[in-house]
Amino acid sequence: MIDFAMSKEQQMVRNEVAKLVKGVVVDTAHDMDEERHIPPAAIQKAWELGFSISMIPESYGGFGLKDSPVETALILEELACGDMAFALAVMLPSLFIHPIAEMGTEDQKEKYLPLYCGETYKPCTLAIQEPHVGSDPVDLETTAERQGKAYVLNGKKCFVPGAAKAGHMLVAAALDGENNLFIVSGDVPGMTVGAKEKNLGLYALDTFEVSFKDCAIPMENRLGGEDGCAYDQLIQKSRVAMAAIGTGVSRASLEFVKDYAKQRVQFGEPIVHRQSVAFMLAEMAYEVDAMRLMTWKAASRLEAGKDAARESYLAKLYTGEMAMKVTDYGVQVMGGHGYIRDYPVERYYRNGRGISILEGIATL
Amino acid sequence: MIDFAMSKEQQMVRNEVAKLVKGVVVDTAHDMDEERHIPPAAIQKAWELGFSISMIPESYGGFGLKDSPVETALILEELACGDMAFALAVMLPSLFIHPIAEMGTEDQKEKYLPLYCGETYKPCTLAIQEPHVGSDPVDLETTAERQGKAYVLNGKKCFVPGAAKAGHMLVAAALDGENNLFIVSGDVPGMTVGAKEKNLGLYALDTFEVSFKDCAIPMENRLGGEDGCAYDQLIQKSRVAMAAIGTGVSRASLEFVKDYAKQRVQFGEPIVHRQSVAFMLAEMAYEVDAMRLMTWKAASRLEAGKDAARESYLAKLYTGEMAMKVTDYGVQVMGGHGYIRDYPVERYYRNGRGISILEGIATL
Amino acid sequence: MTRPSTRAKKEGLGKNLQTVIAIEELCWGDTGLLLSWPGQGLGNAAIDAVATEEQLERFGDKWAAMAITEPEAGSDTASITTTAELDGEEWVLNGEKIFVTAAERSEAVVVWATIDKEAGRGGIKSFVVEKGSPGFKLDHLEKKLGIRASDTGTFVLNNCRIPKDNILGSSEVKKSKTTAGFKGVMKTFDNTRPHVAAQGLGIARAALEFTKEKLEEVGAEFDYRKSPNNIKSREKDYYLMEANLEAARLLTWRAAWMADNGKRNSMEASMAKAKAGRAGTLLTQKCCDLLGPVGFSCRDLAEKWMRDAKIIDIFEGTGQIQHLIVARQFLGLSSKELK
Amino acid sequence: MTRPSTRAKKEGLGKNLQTVIAIEELCWGDTGLLLSWPGQGLGNAAIDAVATEEQLERFGDKWAAMAITEPEAGSDTASITTTAELDGEEWVLNGEKIFVTAAERSEAVVVWATIDKEAGRGGIKSFVVEKGSPGFKLDHLEKKLGIRASDTGTFVLNNCRIPKDNILGSSEVKKSKTTAGFKGVMKTFDNTRPHVAAQGLGIARAALEFTKEKLEEVGAEFDYRKSPNNIKSREKDYYLMEANLEAARLLTWRAAWMADNGKRNSMEASMAKAKAGRAGTLLTQKCCDLLGPVGFSCRDLAEKWMRDAKIIDIFEGTGQIQHLIVARQFLGLSSKELK
């Protein structure tokens with residue numbers, strides 16, 4: 001049944017996040033970006049809303065609610081509309097918690113979920129992307145090899161959010177040509193976390209290069225045990241999550257320049273009275289809507305338990321293209337002012353480029 | 001030395017062609033398209049200007065002038081600005097004459113050039129393109145095999161202009177993996193010329209599918225003799241020729257809608273007073289100029305005897321993309337009127353799509 | 001199936017959505033054919049929307065075309081000059097109407113005319129003119145770039161006389177510049193823009209499916225897992241086209257769903273039309289390019305889809321007009337502020 | 001090498017062309033650096049163009065920035081509100097100027113101010129204000145998306161006093177709306193727009209060369225023979241970028257060549273700027289995308305080129321302003337007809 005309306009519950013969740021964003025993100029996003037730092041208190045405040053652990057059974061410390069990819073997509077759009085770096089930082093533990101909860105063995109769930117589903121935000125993360133040109137999350141160069149009672153990891157990851165402080169991380173590696181995830185403790189020998197990366201965007205988010213050199217981890221740390229895990233499903237969720245974030249960043253740019261362009265007077269009239277400006281805004285408006293609809297469609301399939309390979313791929317491809325276009329228009333509408341870091345469109349432009357490039361940095 | 005000025009001679013040539021186009025093409029192009037026929041008298045009139053044979057030595061019937069790819073590019077733009085089908089029909093014999101003159105053996109020149117360099121337009125042509133998806137003029141499926149004293153051709157060609165009436169044609173085929181051209185007489189057994197093709201554009205131009213089934217041709221009909229020919233150079237010239245034609249078609253659309261849009265009044269003002277229309281025209285204007293400059297640059301390299309692999313490739317790629325965009329804008333500026341065949345932009349739109357698709361249908 | 005307005009009332013909600021889905025399927029076949037489908041078209045939509053019971057009785061089953069555009073009035077529908085004057089029990093119409101879809105096949109034409117030039121938009125009314133009315137002549141049919149199965153024609157009205165009761169809606173002239181009457185007629189378009197967008201979806205999907213099939217025949221592989229930058233150019237082009245088509249489809253469905261749920265959808269209808277018109281035009285152009293010779297030959301249908309798709313960017317409001325509508329509503333601007 | 005106007009006069013033709021070629025090379029290195037090059041920039045261009053012999057003597061060797069934009073006057077340069085009043089042997093200036101390139105490093109600033117608000121454009125004049133003049137204060141420097149090596153600042157003029165002779169050109173106020181005086185100042189831009197376009201070429205070429213190198217390292221092959229639809233997506237993207245860069249370059253060279261040959265090139269200069277600004281922006285975005293992680297990391301320069309390139313689409317007249325100029329000239333429209 002095709003339906004474009006949000007349920008009451010979905011509206012409630014979105015409003016809650018919007019309130020949080022208004023309270024702790026909107027006024028500080030610029031400073032977080034400048035100072036390349038997100039205040040832990042702000043993250044903790046978001047953590048307390050409990051989105052990351054709502055679907056975790058109560059016995060492991062969560063709320064035991066039904067997992068809802070659509071709801072998570074709403075949350076991510078709203079957070080990213082506030083600030084993309086903040087959104088990624090807040091949802092960071094989900095990168096570890098959700099795959100464990102969905103694909104882990106009983107032992108793995110019991111051992112790891114309670115560690116990260118407490119009242120305090122504790123970083124744990126996921127390492128998927130690799131730093132070479134042409135890297136592809138489904139065609140991994142990082143390998144895992146069975147040696148006795150251990151898996152030995154070799155390879156390099158980049159854009160691993162929160163790696164320096166993460167107690168544990170999931171690491172994607174190819175085992176006999178099949179993609180797998182491995183639970184890696186933050187202090188395992190053979191793993192090196194580099195200095196904080198400097199990137200085009202996301203100045204406020206701590207991301208790291210992580211290298212594995214003959215890094216041996218216990219056999220039981222293969223996610224899902226001997227059967228491995230549904231890796232492709234994680235990729236699908238990760239793509240839809242990024243699509244939701246792309247929608248949020250683009251919407252932020254649209255909303256900012258909409259007001260700006262109505263107030264900015266040049267040649268005796270507000271600049272929106274010119275078709276060249278007005279048509280850019282019209283295009284931004286319908287592309288943001290289209291991005292959201294693509295995201296919702298893919299999320300709905302996941303929510304219904306269906307395969308979303310096609311829908312998640314198209315959603316990320318589309319939002320990747322359009323986030324760049326919309327955030328570019330955002331700068332362009334503002335002209336010289338758009339180039340100055342006093343206005344947020346400059347940040348949106350840099351972050352907007354990340355939507356198509358970044359992989360496995362968010363999940364539903 | 002970078003120079004953007006036309007020489008006096010070049011200006012003269014261009015003016016002469018412009019006069020011809022004004023006299024015999026502009027008013028009749030629509031009817032030629034509707035009737036899918038070009039009056040032979042019009043073609044003969046153009047033939048008498050002698051462009052196709054000016055570079056042929058006088059001993060073979062030509063004028064013995066210096067070959068000038070730049071001048072030919074100017075001619076092609078001007079003709080195609082009148083009508084693309086007419087331009088291709090008029091320059092048709094060049095497809096056969098020029099490669100023979102440039103790459104043929106002495107015997108081949110003596111035998112074939114006088115046949116086609118007379119006072120009367122006589123069709124002879126070139127068969128390069130193949131009808132399958134993904135066909136590529138440098139990766140031919142048509143083959144030539146040496147059997148005794150003959151080459152045996154097998155394969156299929158399409159969009160061969162004037163094939164039904166051509167006394168001779170050059171056929172591109174791979175011989176031991178190398179691309180070659182073969183001189184094929186119009187009545188050779190094993191060659192079948194199909195019915196006149198119906199195409200998206202170029203209604204007035206006669207093009208044909210031509211099949212070769214164990215078609216044996218004499219050994220001496222390999223262009224350039226035992227050494228073969230510089231096939232890639234023909235491809236370069238062909239690409240630049242198409243770029244010149246793409247510039248012409250696009251310019252025609254631009255010129256027509258420029259006047260239309262200045263006169264068409266809606267909402268109380270000429271539609272050019274709206275930025276959305278004016279900016280489309282501005283973009284069309286600079287893209288037509290850019291197309292021409294790309295064409296000239298490639299043609300200049302050929303004129304200087306340099307390799308133009310890169311420049312000819314980029315010129316065709318660019319004009320292929322932009323001819324589609326410019327002719328699309330042409331229709332769009334005119335709205336409903338653009339969709340009606342009474343106005344030429346409809347024809348330009350269909351022909352415009354041909355610039356990137358068609359291969360080896362024109363040469364310098 | 002394709003005439004929702006009257007039936008939808010009886011069968012409940014969801015009809016707009018059903019309609020756009022049905023139209024996509026039909027136009028996957030042929031848009032020209034859909035436009036030549038009896039009763040499908042703007043004329044009947046206008047009658048369904050505003051006719052009285054008595055008029056529905058007389059015209060409800062007649063195939064009605066819509067005649068708005070004039071040689072000097074295209075996008076600027078408010079500037080039409082065809083006149084209607086009441087003479088006793090008859091309206092007398094004079095003027096010329098161009099680009100009338102189903103001009104030849106229809107049984108009646110809904111003609112826009114002004115009953116009071118001074119009143120501007122307030123004076124514009126629509127009239128049902130049946131074929132055979134005195135002074136009503138089909139002047140000629142057009143040759144077009146595409147949708148050639150559909151007949152498009154020009155009517156001349158030369159002292160054309162029709163019964164007084166053939167006016168749709170009230171004959172009262174509202175003196176204000178943008179009256180409810182004119183807006184009522186324009187509102188027909190809010191409902192039909194998603195339909196036009198759906199036509200574009202059908203054409204584009206047909207082209208895309210054909211292209212995929214042909215590319216697969218020559219070795220293209222479509223695997224929704226691999227990074228889009230490492231694959232063949234034609235494969236990435238395909239994915240981008242598919243994504244754009246999906247985006248246009250979702251915008252179209254949303255606009256129709258809003259109408260079904262009683263939400264004002266004028267902006268969203270224009271978003272759908274703007275996106276579907278542009279995406280369909282670019283997509284069908286690209287399909288021909290990727291298909292190479294197969295995309296230029298009339299032996300297959302790719303070239304036809306390219307010709308057909310272009311009309312979606314043009315009729316019932318060009319892409320530029322749709323952007324104007326979206327921008328004005330999104331930004332809260334009047335037509336005077338954003339011209 | 002990058003200050004052609006004075007030297008070109010001595011050395012003959014071809015200097016504009018030489019300049020744009022040199023600028024492309026320098027900006028292949030770093031555009032921020034070029035903008036921080038002493039004497040490179042609009043201020044010196046303005047002085048070179050209109051200064052008297054005496055003024056050339058005094059300011060010719062000073063590094064001069066240009067101050068036009070105000071908080072409420074961006075593209076609309078005619079609406080500037082900074083005032084200059086003659087008080088005895090001195091001009092007294094009041095106002096605020098933003099987005100001044102080389103604000104900190106320059107030795108003097110050419111400030112646009114009006115000496116008669118009633119006169120509109122006719123009242124706007126430019127004045128050389130030397131650093132250290134009383135009442136002339138650099139308020140702050142901006143943090144920017146790109147060209148971060150260049151300093152961009154805001155000046156406040158608070159009863160700033162400068163000698164009477166520091167006005168460039170005549171102090172006569174022409175009462176007509178578009179006066180020769182204002183046009184003269186605007187003309188400076190005709191000469192500099194191709195220079196700005198050339199900056200874009202340099203940035204774009206650097207990004208493109210780096211991308212090619214990196215793609216080749218992972219197996220991309222560039223062979224200018226094969227049909228563009230049968231190759232890898234990243235290879236076709238590369239070719240399209242290369243073609244667009246070449247198109248922008250040729251338009252830039254043409255505009256410069258016209259200036260060298262005494263031809264009026266205002267339209268062609270805007271064509272070059274419009275194309276180079278847009279092509280450079282899109283191209284550097286695409287390079288980052290194709291490079292994936294390498295395009296997002298600051299370890300390499302791709303991300304910097306993307307940040308730098310965007311300024312070309314904005315400063316010295318946005319892309320929209322350039323399209324306006326092209327359209328007005330191409331269509332023969334006044335600024336009233338095409339706003």
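The analysis underlying the following values was restricted to heavy atoms, covering all of them including side chains, and did not include hydrogens, waters or symmetry mates. So that the names make sense, note that chain A is the first sequence line, chain B the second, and so on, each numbered from 1.
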For [X], is it the side chain, the backbone, both, or neither that has a heavy atom closer than 4.5 Å to a heavy atom of chain D?
X: B/Met280; answer: neither
X: B/Arg239; answer: side chain
X: B/Ala261; answer: neither
X: B/Glu359; answer: neither

Scan the side chains in residues 312-319 of chain D for donor-acceptor partners under 3.5 Å anywhere in the protein, sequence neighbours excluded, and list what turns up.
unit_1: D/Asp313; atom_1: OD2; unit_2: D/Arg278; atom_2: NH1; d: 2.7
unit_1: D/Glu316; atom_1: OE1; unit_2: D/Thr192; atom_2: OG1; d: 3.1
unit_1: D/Thr318; atom_1: OG1; unit_2: D/Gln320; atom_2: N; d: 3.4
unit_1: D/Thr318; atom_1: OG1; unit_2: D/Ile321; atom_2: N; d: 3.2

Heavy-atom pairs under 4.5 Å with chain B, option from D/Asn244, D/Asn229, D/Asp223 with the top count: D/Asn244
Shorter than 4.5 Å, heavy atoms on both sides: which option in D/Leu250, D/Leu240, D/Val326 has the most such pairs with chain B? D/Leu250
Just so I know, are the side chains of [X] and [Y] near enough to count as touching, which here means a heavy-atom distance under 4.5 Å?
X: D/Lys339; Y: B/His273; value: no
X: D/Leu324; Y: B/Phe279; value: yes
X: D/Glu337; Y: B/Val272; value: no

Which heavy atom in [X] sits nearest to a heavy atom in [Y], and how many Å separate them?
X: D/His323; Y: B/Ala282; value: O-CB, 3.8 Å
X: B/Asn179; Y: D/Arg225; value: ND2-NH2, 4.4 Å
X: D/Ala247; Y: B/Met294; value: N-SD, 3.6 Å
X: B/Ala278; Y: D/Ala327; value: O-CB, 3.6 Å

Against chain B, label [X] side chain, backbone, both or neither, depending on which of its atoms sit under 4.5 Å from a heavy atom there.
X: D/Asn230; result: side chain
X: D/Leu17; result: side chain
X: D/Leu333; result: side chain
X: D/Ile231; result: side chain

Distance in Å, [X] [atom1] paired with [Y] [atom2], rounded so as to fall on 0.5 Å steps:
X: B/Ile2; Y: D/Gln18; atom1: CD1; atom2: CD; answer: 10.0 Å
X: B/Tyr286; Y: D/Gln322; atom1: OH; atom2: CD; answer: 10.0 Å
X: D/Leu338; Y: B/Leu281; atom1: CG; atom2: CG; answer: 10.0 Å
X: B/Asp289; Y: D/Arg254; atom1: CG; atom2: CZ; answer: 4.0 Å

In terms of heavy-atom pairs under 4.5 Å with chain D, which of [options] leads?
options: B/Asp232, B/Ile235, B/Asp139; answer: B/Asp232
options: B/Val277, B/Leu254, B/Asp259; answer: B/Leu254
options: B/Glu287, B/Glu283, B/Met291; answer: B/Glu287

For residues 298-320 of chain B against chain D, heavy atoms under 4.5 Å, the residues are B/Ala309, B/Arg310, B/Tyr313, B/Leu314, B/Leu317, B/Tyr318
Do the side chain of B/Lys258 and the main chain of D/Phe330 share a donor and acceptor less than 3.5 angstrom apart? yes
Backbone of D/Lys226 reached by a side-chain donor or acceptor of B/Asp136 within 3.5 Å: no
Can you tell me if B/Glu178 has over 12 outside heavy atoms packed within less than 6.0 Å of its CD? no
